[in-house]
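Read through the structure below, which is laid out as structure tokens, and then see the notes.
For ligands, and for the atoms within them, numbers begin at 1 and follow the listed sequence. Index from 1, following the sequence. The figures here come from the full heavy-atom set of this structure, side chains too, leaving out hydrogens, waters and symmetry mates.
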Amino acid sequence: MKRILLKLSGEALAGPNKRGFDEATCIDVARQIKEVVDSGVQVAIVIGGGNFWRGRTSEHMDRTKADQIGMLATVMNCIYVADMCRQTGLKTKVFTPFVCGSFAEVFSKDAAVEALEQGMVTFFAGGTGHPYFSTDTATALRAIEIKADAILLAKAIDGVYDSDPKINKDAIKYDRITLDEVLDQKLAVIDLTATIMCLENQMPLAVFGLNEDNSIVNTFNGEFHGTYVDA
Ligand code: UDP
């Protein structure tokens with residue numbers, strides 16, 4: 001794989017704290033990203049916002065406003081993880097779909113590809129810039145735009161199961177599954193809009209647990225313990 005889009009769930013960055021950042025987790029994520037970049041892979045990153053804000057669960061505020069806060073939460077996450085990456089010696093660039101002053105650069109596909117080709121870890125913060133979308137949708141959209149070879153989905157859970165393992169202790173984990181099967185069985189891998197975008201554009205995924213030791217690096221060295229989702 002030459003170019004990948006790594007999606008980190010905000011929840012997974014929070015580690016055991018559940019909210020905000022678990023510094024040790026984030027330092028380790030940056031170390032792993034460095035190892036992958038040093039092996040010659042171009043890495044783009046989307047980060048969720050669940051460690052700060054779950055806009056959609058609020059019944060007491062306007063959805064568009066709640067989603068705007070959610071998008072800003074993903075900007076905070078990207079600024080943080082980008083700095084962790086910079087501390088390891090990596091070069092980084094943070095793009096947003098809306099103007100964030102001097103904090104980030106407005107996204108363009110050409111500028112993003114150029115940054116990737118220069119070896120920069122390239123962050124797509126702020127989701128799609130639109131409410132009623134998610135960072136899953138932003139992940140699918142940007143991966144397709146930059147022609148990534150695959151999406152690496154680092155979650156709080158270690159792969160794709162036939163049912164929720166938190167609820168059903170007999171849930172079975174798949175080694176391999178197709179996007180068609182994900183859709184048919186309504187499996188919660190990425191949201192429906194993102195699943196359909198990946199299906200329509202033949203974008204495969206590798207789903208794994210961020211809390212498993214060295215799991216980002218392991219995706220590249222044949223020690224993968226998650227689920228491959230074929231396009
Ligand atoms: N969000 C949005 N548009 C996007 C991406 C994200 O409105 O294109 C908002 C939405 O409110 C979402 C929040 O940002 O709840 C954080 O994104 P994430 O995908 O992590 O949502 P989660 O499922 O974790 O709440």
Side-chain angles (χ1 to χ4, degrees), residues 5-22 25-26 29 44-82 94-100 103-109 112 122-146 148 151-161 164 166-167 182 186-198 200-201 203 205 207-211 216 229:
L5 196 152
L6 173 66
K7 158 84 195 285
L8 302 168
S9 86
E11 212 183 338
L13 289 184
N17 308 331
K18 301 276 186 224
R19 296 198 69 77
F21 301 115
D22 181 57
T25 302
C26 297
V29 165
I45 298 181
V46 170
I47 310 179
N51 53 329
F52 283 119
W53 184 255
R54 291 225 166 264
R56 264 167 288 172
T57 55
S58 173
E59 290 159 17
H60 305 288
M61 79 181 286
D62 178 70
R63 168 75 187 260
T64 297
K65 306 292 182 223
D67 283 349
Q68 287 170 350
I69 296 173
M71 287 184 262
L72 289 172
T74 75
V75 177
M76 293 197 286
N77 280 343
C78 285
I79 291 174
Y80 183 86
V81 177
V94 179
F95 288 101
T96 44
F98 39 74
V99 176
C100 265
F103 293 7
E105 198 173 300
V106 174
F107 174 80
S108 94
K109 181 238 164 178
T122 304
F123 291 79
F124 302 133
T128 62
H130 299 286
Y132 295 89
F133 287 94
S134 65
T135 49
D136 282 352
T137 338
T139 299
L141 173 65
R142 297 299 187 228
I144 294 160
E145 279 188 279
I146 62 165
I151 291 169
L152 266 54
L153 208 59
K155 311 231 296 179
I157 185 169
D158 65 351
V160 181
Y161 286 79
D164 187 346
K166 280 188 207 144
I167 297 165
V182 166
K186 296 190 173 63
L187 299 173
V189 183
I190 44 175
D191 64 32
L192 195 57
T193 315
T195 307
I196 290 169
M197 285 186 72
C198 288
E200 281 181 345
N201 294 279
M203 180 58 65
L205 299 100
V207 185
F208 57 93
L210 188 61
N211 299 326
I216 301 173
V229 184

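Within ligand 1, counting atoms from 1 as listed, the ones closer than 4.0 Å to a heavy atom of His130 are 2 (C), 3 (N), 4 (C), 7 (O), 8 (O). Contact atoms of ligand 1 toward Gly49: 16 (C), 17 (O), 18 (P), 20 (O) (distance under 4.0 Å to a heavy atom of the residue). If you number the atoms of ligand 1 from 1 as listed, the ones under 4.0 Å from a heavy atom of Thr135 come out as 5 (C), 6 (C), 17 (O), 18 (P), 19 (O), 20 (O). Heavy-atom contacts of Gly127 reach the following atoms of ligand 1: 4 (C), 5 (C), 8 (O) (cutoff under 4.0 Å). Every atom of ligand 1 with a heavy atom of Gly48 under 4.0 Å away is listed here by number and element: 20 (O).
The main-chain N or O of Ala66 is found under 3.5 Å from a side-chain atom of Trp53 such that the two form a donor-acceptor pair. The main-chain N or O of Ile190 is found under 3.5 Å from a side-chain atom of Thr195 such that the two form a donor-acceptor pair.
In terms of polar-atom proximity, defined here as any N/O pair under 3.5 Å, Thr128 does make such a contact with ligand 1. Considering backbone and side-chain N/O of Thr74, none are found under 3.5 Å from N/O of ligand 1. Inclusion of Pro131 in the set of residues having an N or O under 3.5 Å from an N or O of ligand 1 is not warranted.
Between Phe107 and Phe123, the distance from one ring center to the other does not fall under 6.0 angstrom.
Put simply, OG1 on Thr74 and CG on Asn51 are 10.0 Å apart, with the number rounded to the nearest 0.5 Å.
The side chain to side chain donor-acceptor pair (under 3.5 Å) check on Glu200 picks up nothing, with sequence neighbours excluded. When the side chain to side chain donor-acceptor pair (under 3.5 Å) test is applied to Ser9, no partner is found at least two apart in sequence or on another chain.
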